[in-house]
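Contents: one structure, followed by commentary.
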Amino acid sequence: MKIPLIALYLSVISQAGYAEDADYAAEGERRAKVAGESLLGAAAPTFKIKDIDGGTIDLAQIYGEKPVYLKFWATWCGPCREQMQGFEEIYKKYGDKVQVIAINTGISDTLESVTEFRKKVGLTMPITIDNGELARAFQLRVTPQHVLIDKKGEFAYFGHKDDQAFHQALESVVAEKSAGKPLNNPDLALNNEGYKKGDTAQDVSFSTIDEQALNFRFNTSNSKKVAVVFFAPWCEWYLEETEPKTSKACTQVRELLESKSKSTDVQWVTVSSNLWTSAADLKDYRKSYAAIPPIVFDDDGELFKQFGVNQIPTITVIEPNGVISLKSSIQDEDFDTALQTISSFK
């Protein structure tokens with residue numbers, strides 16, 4: 001089987017001790033900068049972050065006094081691991097001059113895995129675990145992703161690489177004069193409830209990577225059960241070594257879809273994460289895996305938000321009357337039961 005290009009890259013750099021390939025590091029940098037381009041110079045949102053030790057950081061009290069450095073990462077991310085020693089050195093070097101916050105994506109990570117990783121690597125900066133809201137607010141597209149907010153409380157830098165350009169940008173926001181207060185930064189309400197099991201979904205519309213419209217209307221004479229599978233095209237290959245449980249689950253779900261995709265009683269749709277993914281990557285994935293169900297690219301993350309999803313894979317089943325009868329992710333205890341339920345569909 002041909003491995004999708006981006007999956008091959010992620011598979012290689014996920015191995016401990018492997019340096020990130022220059023070409024793909026450049027691609028990660030490009031994706032991070034494209035994602036953050038529209039935010040540069042805009043006022044960054046204010047919100048309160050709770051770290052894994054129970055502390056709270058109120059960015060409304062930080063803006064205007066000192067810059068903020070947010071680093072998105074995951075324990076299973078190869079280039080994140082490569083950068084962690086330098087990340088800790090930055091935190092120690094700048095001390096109180098910069099508010100440093102490590103934001104774990106929360107994808108295939110738990111408090112236990114993050115705490116264990118922190119101890120192993122020796123991280124001492126504040127760490128928080130995202131539920132998906134921060135990723136959407138800060139246009140997360142790759143891991144690691146650096147976000148610098150200057151003393152004026154404005155977005156100043158987006159990047160992926162730990163290189164000279166990043167360190168120059170960091171020095172620049174540190175050297176900037178304090179903006180003083182008050183600042184007029186928008187508030188960000190952190191919640192990611194979305195649909196839960198038992199909720200009634202509204203009629204939903206999707207647009208596939210082929211620009212095909214999928215419109216699901218519930219409580220009508222021709223309504224069918226709808227199964228929505230949230231995934232990422234790199235899950236199986238990237239996580240095979242660093243997060244094998246999730247990798248295996250992604251394989252199980254894909255194979256299940258292959259066997260059930262021709263069911264006449266269920267309408268299937270797969271929705272891809274926007275992390276390390278583009279529409280072109282998804283077309284490559286479909287060709288490589290001979291994927292049959294329609295694929296939707298959640299470019300802005302709004303479908304993941306609407307359905308309250310931050311894990312891959314996640315399966316959601318909507319009954320013909322619109323009721324969410326099943327919602328389960330790899331981190332839920334009932335995930336194996338959910339797979340059995342899907343297997344029973346005719």
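Nothing here was measured: the structure is a model prediction, and the numbers come from that model.
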Give a yes or no on whether the backbone of Phe335 and the side-chain of Thr337 come within a donor-acceptor separation of less than 3.5 Å.
-> no
Is the backbone N or O of Arg217 less than 3.5 Å from a side-chain atom of Asp203, with the two atoms forming a donor-acceptor pair by type?
-> no
Can you check side-chain hydrogen bond (donor to acceptor under 3.5 Å, both in side chains) on His167 and Asp162, steps first, answer last?
-> CA-CA 7 Å; His167 285 272; Asp162 181 10; 2.6 Å; yes
What are the two closest non-hydrogen atoms of Leu339 and Leu256, and how far apart are they?
-> O-CD2, 3.9 Å
Assess whether side chain to side chain contact (heavy atoms under 4.5 Å, CB included) is satisfied between Ile49 and Ile101, documenting all intermediate values.
-> CA-CA 9 Å; Ile49 288 181; Ile101 305 172; 3.7 Å; yes
Count the heavy atoms of every other residue, nucleotide or ligand shown that sit under 6.0 Å from CG of Asn184, and state whether that count exceeds 12.
-> no
Are Pro126 and Gln99 side-chain neighbours, meaning at least one heavy-atom pair lies under 4.5 Å?
-> yes
Are Leu326 and Val253 grouped together when hydrophobic residues (ILVMFWY) are joined by side-chain heavy atoms under 4.5 angstrom apart?
-> yes
Matching residue for Ile107 among Leu140, Ile312, Ile330 - test: side-chain contact (heavy atoms from CB on, under 4.5 Å) = Ile312
Measure from the side-chain N and O atoms of Thr115 to the backbone N and O of Glu112, and report whether any donor-acceptor pair falls under 3.5 Å.
-> no
Keeping the roles fixed (side chain from Asn310, backbone from Thr105), state whether a donor-acceptor pair exists under 3.5 Å.
-> yes
More than 12 heavy atoms of other residues, nucleotides or ligands under 6.0 Å from NZ of Lys196: is that the case?
-> yes
List the steps and the verdict of side chain to side chain contact (heavy atoms under 4.5 Å, CB included) for Thr242 and Arg81.
-> CA-CA 11 Å; Thr242 57; Arg81 294 179 175 188; 3.9 Å; yes
Apart from Met84 itself, what residues make up its hydrophobic cluster when side-chain heavy atoms of I, L, V, M, F, W and Y under 4.5 Å apart count as a link, directly or indirectly?
-> Ile52, Tyr69, Trp73, Phe87, Ile90, Tyr91, Tyr94, Val98, Val100, Leu111, Val114, Phe117, Val121, Leu123, Met125, Ile127, Ile129, Leu148, Tyr157, Phe166, Leu170, Val173, Val174
Using a 4.5 Å cut-off on heavy atoms from C-beta on, say whether the side chain of Val142 contacts that of Glu27.
-> no
Quick one: do Leu40 and Leu188 end up in the same hydrophobic cluster if we chain Ile, Leu, Val, Met, Phe, Trp and Tyr together by side-chain heavy atoms under 4.5 Å apart?
-> yes
Taking a hydrophobic cluster as the set of Ile, Leu, Val, Met, Phe, Trp and Tyr residues connected by side-chain heavy atoms closer than 4.5 Å, whether directly or through intermediates, do Leu214 and Val228 fall within one such cluster?
-> yes
Given side chain to side chain contact (heavy atoms under 4.5 Å, CB included), test Arg254 with Leu257 step by step and report yes or no.
-> CA-CA 5 Å; Arg254 176 179 57 78; Leu257 284 175; 5.6 Å; no
So do Ser38 and Gln139 actually touch side chain to side chain, heavy atoms under 4.5 Å?
-> yes
For Phe345 against Lys260, the heavy-atom pair lying closest together | O-NZ, 2.8 Å
Are the charged groups of Glu116 and Lys119 less than 4.0 angstrom apart, N to O?
-> no
Electrostatic pair Glu133:Arg136 at N-O distance under 4.0 angstrom | yes
Is the backbone N or O of Phe230 less than 3.5 Å from a side-chain atom of Thr314, with the two atoms forming a donor-acceptor pair by type?
-> no
Do Lys48 and Lys50 have side chains that get closer than 4.5 Å, going by heavy atoms?
-> no
Polar side-chain atom of Tyr63 near backbone of Val68 as donor-acceptor pair, under 3.5 Å = no
Less than 6.0 Å separating the ring centroids of Phe231 and Phe304?
-> no
Step by step, would you call Ser108 with Gln311 a side-chain hydrogen bond (donor to acceptor under 3.5 Å, both in side chains)?
-> CA-CA 6 Å; Ser108 292; Gln311 299 302 322; 4.5 Å; no
Does the distance from a Lys or Arg side-chain N to an Asp or Glu carboxylate O, for Lys161 and Glu29, drop under 4.0 Å?
-> no
Output yes when Lys33 and Glu37 qualify as a salt bridge under the 4.0 Å nitrogen-oxygen rule, no when they do not.
-> no
Under the ring-ring contact (aromatic ring centres under 6.0 Å, His included) criterion, do Trp234 and Trp76 qualify, and how do the steps go?
-> CA-CA 13 Å; Trp234 41 262; Trp76 39 259; 5.8 Å; yes
Please confirm whether the backbone N or O of Gln168 pairs with a side-chain atom of Ser172, one donor and one acceptor, at under 3.5 Å?
-> no
State whether the number of non-hydrogen atoms from other residues, nucleotides or ligands found under 6.0 Å of Asp96 atom CG is greater than 12.
-> no
Going by atom types only, do Ser328 and Asp334 share a side-chain donor-acceptor pair under 3.5 Å?
-> yes
Indicate if Ile292 and Tyr289 have the same hydrophobic cluster label, given that clusters are the connected sets of ILVMFWY residues with side-chain heavy-atom separations under 4.5 angstrom.
-> no
Test: Lys327 cationic atom under 6.0 Å from Phe307 six-membered ring centre, within 45° of axis = no
Under 3.5 Å, is there a donor-acceptor pair between the Thr128 and Asp51 side chains?
-> no
Just by distance, with hydrogens left out, do Ser247 and Glu236 show a side-chain donor and acceptor under 3.5 Å apart?
-> no
Does some side-chain heavy atom of Ile342 sit less than 4.5 Å from a side-chain heavy atom of Trp268?
-> yes
Measure from the side-chain N and O atoms of His146 to the backbone N and O of His160, and report whether any donor-acceptor pair falls under 3.5 Å.
-> yes
So do Val226 and Phe218 actually touch side chain to side chain, heavy atoms under 4.5 Å?
-> yes
Residue pair Pro186 / Ala44: nearest heavy atoms and the distance that separates them | CD-O, 3.8 Å
Heavy atoms, side chains only, cut-off 4.5 Å: are Pro144 and Pro79 in contact?
-> yes
Looking only at non-hydrogen atoms, find the nearest pair between Phe155 and Pro45 and report the distance.
-> CZ-CD, 3.7 Å
In Lys287, Arg286, Arg31, Arg141, the residue satisfying salt bridge (charged side-chain N to carboxylate O under 4.0 Å, His left out) with Asp281 is Arg31
So, the side chain of Asp130 versus the backbone of Ala135: is there a donor-acceptor pair under 3.5 Å, distance only?
-> yes
Test item: Glu176 side-chain N/O and Lys151 main-chain N/O as donor-acceptor pair under 3.5 Å = yes
With a 4.5 Å heavy-atom cut-off, do Glu88 and Gln85 have their side chains touching?
-> no
Asn104 and Asp109 side chains, donor-acceptor separation under 3.5 Å = yes
Passes ring-ring contact (aromatic ring centres under 6.0 Å, His included), Phe158 versus Phe138? Steps please.
-> CA-CA 9 Å; Phe158 286 79; Phe138 294 97; 7.8 Å; no
Would Asp53 and Arg118 satisfy salt bridge (Lys or Arg N to Asp or Glu O under 4.0 Å), going step by step from the backbone distance to the final call?
-> CA-CA 12 Å; Asp53 296 311; Arg118 176 178 67 172; 2.8 Å; yes
Quick one: salt bridge (charged side-chain N to carboxylate O under 4.0 Å, His left out) pairs with a partner in residues 66-78, sequence neighbours left out?
-> none
Donor + acceptor pair across side chains of Gln212, Ser207 (<3.5 Å) = no
Reported OG1-to-CD distance for the pair Thr246 and Glu240, which is rounded to 0.5 angstrom = 12.5 Å
Are Asn185 and Thr46 close enough that a side-chain donor and a side-chain acceptor fall under 3.5 Å?
-> no
